Amino acid sequence: MSPTFSIFGALIMGFGLWVLLDNQSFIAVLQESSTTLKVVSYIFISVGSLSMAMGFLGCIGAIYEIRCLLGLYFTCLLLILIAQVTAGVLIYFQRDRLKHEMSNIIKGMLVNYTGQNRTTEHTWDYVQRTMKCCGWTGPGNWSENVWIRNSSVSMYPCSCRNETLPGTDVKETGLCEHLSNILPVYETGCMHSVEGWLLENCGVILGICVGVAVIELLGMILSICLCKSVVQEDYTKVPKY
């Protein structure tokens, strides 16, 4: 049970590191400005690391029948389980605030977009190209962009380019010029597509968390049973280094 729990702990820690370091998906757009996202990633890393350590202690306690280690293993599992439930409840009740924060981050990025070699901007270009959308609620969000607003010619984000409409050559990033006031861009915003992507990935995260919770409960039950079966501790079994 403990080795399995250590593996799940490694998965949780790996997910936290992915959220913190990823620069190839929509998560990268939120990394620079979202304090909540960074806090959540650090929590995942901490819980994963602690889970791996507890799995090791659980193995030692079970092999050498040390009641204090088994008791410590049970206590830490209980604390981790309580922390997971608390975090889930907080995220559920703070979902509207998180959604509002995400919206503000995206709109702020659109206003200051320059098309230069920045991770967040190029990631957002990738989102618009692959999801075939433009802006957050619609292409009108781009009218607040500093460069587009102060330009003497008609400009639009190249990643919004609708290839089915006539216009200039397709570019992946930056701002493009257009002779007509009717821009060849997608008419739908990215908000619903991005929210759908997040919900889809949240389902995977939820499945992992439920699996870890089940492992934790089984580990707690097993540690209690082992504690009861240990009549007298024999510390001579523990290897000395």
Side-chain angles (χ1 to χ4, degrees), residues 15-44 87-88 90-151 154-163 165 167 170-178 182-206:
F15 176 77
L17 290 171
W18 172 72
V19 172
L20 190 64
L21 303 175
D22 178 61
N23 60 0
Q24 297 295 325
S25 69
F26 175 72
I27 296 295
V29 180
L30 305 179
Q31 283 174 351
E32 286 191 2
S33 304
S34 179
T35 304
T36 304
L37 185 67
K38 292 179 181 178
V39 170
V40 169
S41 64
Y42 285 126
I43 290 174
F44 273 113
L90 288 175
I91 291 173
Y92 178 79
F93 286 106
Q94 294 290 320
R95 64 187 186 281
D96 292 332
R97 178 185 173 185
L98 294 174
K99 183 178 178 180
H100 181 69
E101 180 184 1
M102 180 176 67
S103 178
N104 288 337
I105 291 172
I106 300 301
K107 289 180 179 178
M109 188 269 297
L110 297 182
V111 169
N112 299 305
Y113 179 92
T114 61
Q116 301 300 320
N117 187 17
R118 295 181 56 192
T119 300
T120 53
E121 293 181 352
H122 285 193
T123 301
W124 183 250
D125 286 327
Y126 175 78
V127 169
Q128 291 189 138
R129 287 196 313 272
T130 55
M131 294 186 174
K132 296 183 178 181
C133 54
C134 189
W136 184 239
T137 57
N141 296 136
W142 283 101
S143 62
E144 299 297 322
N145 179 267
V146 175
W147 291 89
I148 293 177
R149 190 173 54 193
N150 296 326
S151 176
S154 180
M155 301 185 71
Y156 66 95
C158 302
S159 56
C160 281
R161 174 79 161 82
N162 189 339
E163 298 181 26
L165 300 176
V170 179
K171 296 181 181 179
E172 292 188 348
T173 61
L175 298 173
C176 296
E177 296 183 5
H178 191 61
I182 303 176
L183 302 177
V185 299
Y186 297 110
E187 294 297 325
T188 57
C190 299
M191 181 174 66
H192 296 298
S193 298
V194 168
E195 288 178 353
W197 180 86
L198 290 174
L199 286 174
E200 181 180 343
N201 284 271
C202 280
V204 176
I205 297 169
L206 181 62

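What you see is a predicted model, and the numbers here were worked out from it, not measured in a lab.
- One finds the CG atom of Asn162 at 8.5 Å from the CD atom of Glu187 (value rounded to the nearest 0.5 Å).
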Exercise. Start with the C-alpha gap between Cys158 and Asp125, add the side-chain angles, then the distance that decides, and say whether side chain to side chain contact (heavy atoms under 4.5 Å, CB included) holds.
Key: CA-CA 8 Å; Cys158 302; Asp125 286 327; over 6 Å; no
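- Here the closest heavy-atom approach between residue Glu177 and residue Tyr156 is recorded as O-CE2, 4.0 Å.
- For residues 128-143, no pair satisfies salt bridge (Lys or Arg N to Asp or Glu O under 4.0 Å), with sequence neighbours left out.
- A heavy-atom distance below 4.5 Å is not found between the side chains of Glu121 and Thr173.
- Environment of CD in Glu195: crowded, with over 12 heavy atoms of neighbouring residues, nucleotides or ligands closer than 6.0 Å.
- The SG atoms of Cys160 and Cys133 are placed at least 2.5 angstrom from each other.
- Residues Cys134 and Val185 approach most closely at SG-CB, 4.4 Å, considering heavy atoms.
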Practice problem: Assess whether side chain to side chain contact (heavy atoms under 4.5 Å, CB included) is satisfied between Trp124 and Ser159, documenting all intermediate values. | Solution: CA-CA 9 Å; Trp124 183 250; Ser159 56; 5.6 Å; no
Show me, pair by pair, the donor-acceptor contacts under 3.5 angstrom made by side chains of residues 137-147, not counting sequence neighbours?
residue : atom : partner : partner atom : Å
Thr137  : OG1  : Asn141  : OD1          : 3.1
Thr137  : OG1  : Asn141  : ND2          : 3.3
Asn141  : OD1  : Trp136  : N            : 2.9
Asn141  : OD1  : Thr137  : N            : 2.7
Asn141  : OD1  : Gly138  : N            : 3.3
Trp142  : NE1  : Gln128  : OE1          : 3.2
Ser143  : OG   : Gly140  : O            : 2.6
Asn145  : OD1  : Trp147  : N            : 2.9
Asn145  : OD1  : Ile148  : N            : 3.0
Asn145  : ND2  : Leu110  : O            : 2.8
Asn145  : ND2  : Val111  : O            : 3.4
Asn145  : ND2  : Tyr113  : O            : 3.0

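- Summarising the geometry, atom NZ belonging to Lys99 is positioned 12.5 Å from atom CG belonging to Asn104; distances are rounded to the nearest 0.5 Å.
- In terms of the salt bridge (charged side-chain N to carboxylate O under 4.0 Å, His left out) criterion, Lys107 has no residue partners (sequence neighbours excluded).
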